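Everything on this sheet refers to the single structure shown next.
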Amino acid sequence: MKTITVMDPVTRIEGHMKVEIAVDTIGGQQQIVDARCTGTLFRGFETLLNGRSPLDAPIITQRICGVCPTSHGQAAVLALENVSYWLPPTNARLLRNLTLGANFLQSHILHFYLLAALDYVAGPAASPWAPAWQVDMRSGLDSVAANLPAAITARRQAHEMGAVFGGRMPSSSTFIPGGFTAIPTTENIDSYRQYLAALTQFIETIYLPDVQQVGNIYSDYFEIGAGCNNLMAYGAFEMDDTNTSRLFTGGYTENGDPNGQTEFSTKDISESVKYSWYADETSNLTPASGETRPEYPKGNAYSWLKAPRLHGKPFEVGPLARMWINGDYLRGISVMDRHVARALEAAKIAAAMSGWLDELTPGQKVYDDSFDQYSGFGVGLTEAPRGALGHWVEITKGKISHYQVITPTCWNTSPRDDQDVPGPMEQALIGTPIENPDQPVEALRVIHAYDPCLSCAVHIMRPDKKPMIVHSGGR
Ligand code: NFE
């Protein structure tokens with residue numbers, strides 16, 4: 001007989017998500033036989049942008065989320081600059097990379113130690129760790145628990161490092177179309193370098209060994225939670241001024257093929273809404289023409305997230321996708337591979353950051369005021385810590401007339417699509433062995449490995465700018 005367990009809200013994530021699992025006994029083993037991920041939050045950032053100056057986009061979209069604001073700032077300036085195929089000066093490119101890199105490091109450290117580790121290590125018997133599920137954690141991971149204070153310090157240092165050029169963290173005000181507003185000096189480059197040295201040491205001597213130790217003790221999780229086996233990245237961290245090379249190249253691969261494709265068009269992305277609380281007529285639109293007409297309640301719909309698909313298929317995004325597509329990590333696709341790839345990615349980004357620091361020229365220009373955009377359409381594709389992030393903008397007579405955002409968590413935790421194909425996290429949950437359906441820590445391990453952020457994932461747009469009324473019950 002099936003047992004239905006509802007986790008609402010799922011804790012130790014950002015934002016509001018409900019996950020419902022059905023557990024049944026198959027071949028003598030209890031396992032998840034069905035899963036539904038629900039974005040329960042309803043927000044309207046794109047609406048705020050309509051009619052505003054394009055200069056507002058990087059400022060406002062960074063408020064979508066306090067964990068990955070820098071990526072939204074970067075996506076917004078790339079989208080605005082793409083309107084006129086404009087490229088920023090060298091120093092601006094490097095300063096953006098350095099500030100974005102700092103945000104990746106703080107996010108990855110935050111995720112492993114504060115959000116995911118408690119799936120593997122019992123916390124102290126005190127608030128905020130208790131009360132907690134009484135789950136039998138495996139021994140051998142005392143070092144991970146002992147390193148929690150060092151991780152909190154490292155995360156603070158990463159935020160402070162981001163603020164050296166970003167001015168403040170979270171939500172930097174230095175990302176502007178045309179360039180960057182901070183000027184590198186010998187002093188702030190030195191300050192940044194000191195933070196980076198401390199963080200590089202933390203990543204290499206604490207974070208990576210801790211993740212490897214979790215992988216050793218929970219090695220069965222290298223075989224659990226493959227998900228859809230399709231991986232996609234837009235790419236990020238521009239390595240030259242012509243934007244022909246990036247630290248992470250974009251691309252996609254299907255069925256875990258180590259040889260993916262590096263070319264694809266975002267015109268091949270569409271969003272299904274059959275199981276999302278939006279009008280069915282708006283299903284399968286591309287983000288450039290995306291329409292968001294809420295309809296709640298609606299038939300069998302169960303999420304405020306749409307279901308983004310590339311070539312009509314679900315794709316996982318995130319550190320594992322980036323590392324896989326760039327040939328940096330090809331061991332496998334699973335819960336534990338996501339953690340290992342994330343930690344290795346932190347080391348790769350930190351090493352690249354050192355090079356970008358060396359390339360900065362103190363005092364040289366960071367902004368080009370000839371930059372202007374009066375009308376046109378632009379796409380900004382980059383990466384957030386959790387995966388591929390895209391902003392699509394239309395400017396009409398100097399004002400934003402259309403804005404659309406598709407976030408990484410929308411890819412990973414999407415509901416079923418119009419073909420009834422479950423999203424990546426839903427697929428990863430199905431088949432996961434469960435010891436006790438009342439306290440399904442195994443499901444949490446699958447969920448947290450994606451590092452979901454529902455604040456980022458749920459957005460609403462009203463092209464007609466009329467007030468929106470959402471009924472919480474029937475109507
Ligand atoms: Ni709110 Fe975000 C990242 C973005 S998640 S954290 O990383 O965009 O979908």
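Because the structure is a prediction, the values reported are computed rather than measured. Just so you know, ligand 1 is whichever comes first in the structure, and atom 1 is the first atom listed for that ligand.
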Can you list the atoms of ligand 1 that are under 4.0 Å from a heavy atom of [X]?
X	value
C453	1 (Ni), 5 (S), 6 (S), 9 (O)
C65	1 (Ni), 6 (S)
T407	8 (O), 9 (O)

Do [X] and [Y] meet the criterion of a side-chain donor-acceptor pair at a distance under 3.5 Å?
X	Y	value
D337	S334	yes
D240	T244	yes
S172	T174	yes

Inset, instruction - Look at C68 and state whether any of its N, O or S atoms is less than 2.8 Å from atom 2 (Fe) of ligand 1. - result: yes
Inset, instruction - Examine W277 together with Y302 and report whether their ring centres are nearer than 6.0 Å. - result: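 For W277 and Y302, the ring centres are not under 6.0 Å apart.
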Legend entry - Region of T409 engaging ligand 1 - heavy atom pairs below 4.0 Å: both
Legend entry - Donor-acceptor pair, side chain of D119 and main chain of V441, under 3.5 angstrom: no
Inset, instruction - Report yes if R386 has an N/O atom closer than 3.5 Å to an N/O atom of ligand 1; otherwise report no. - result: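 Yes.
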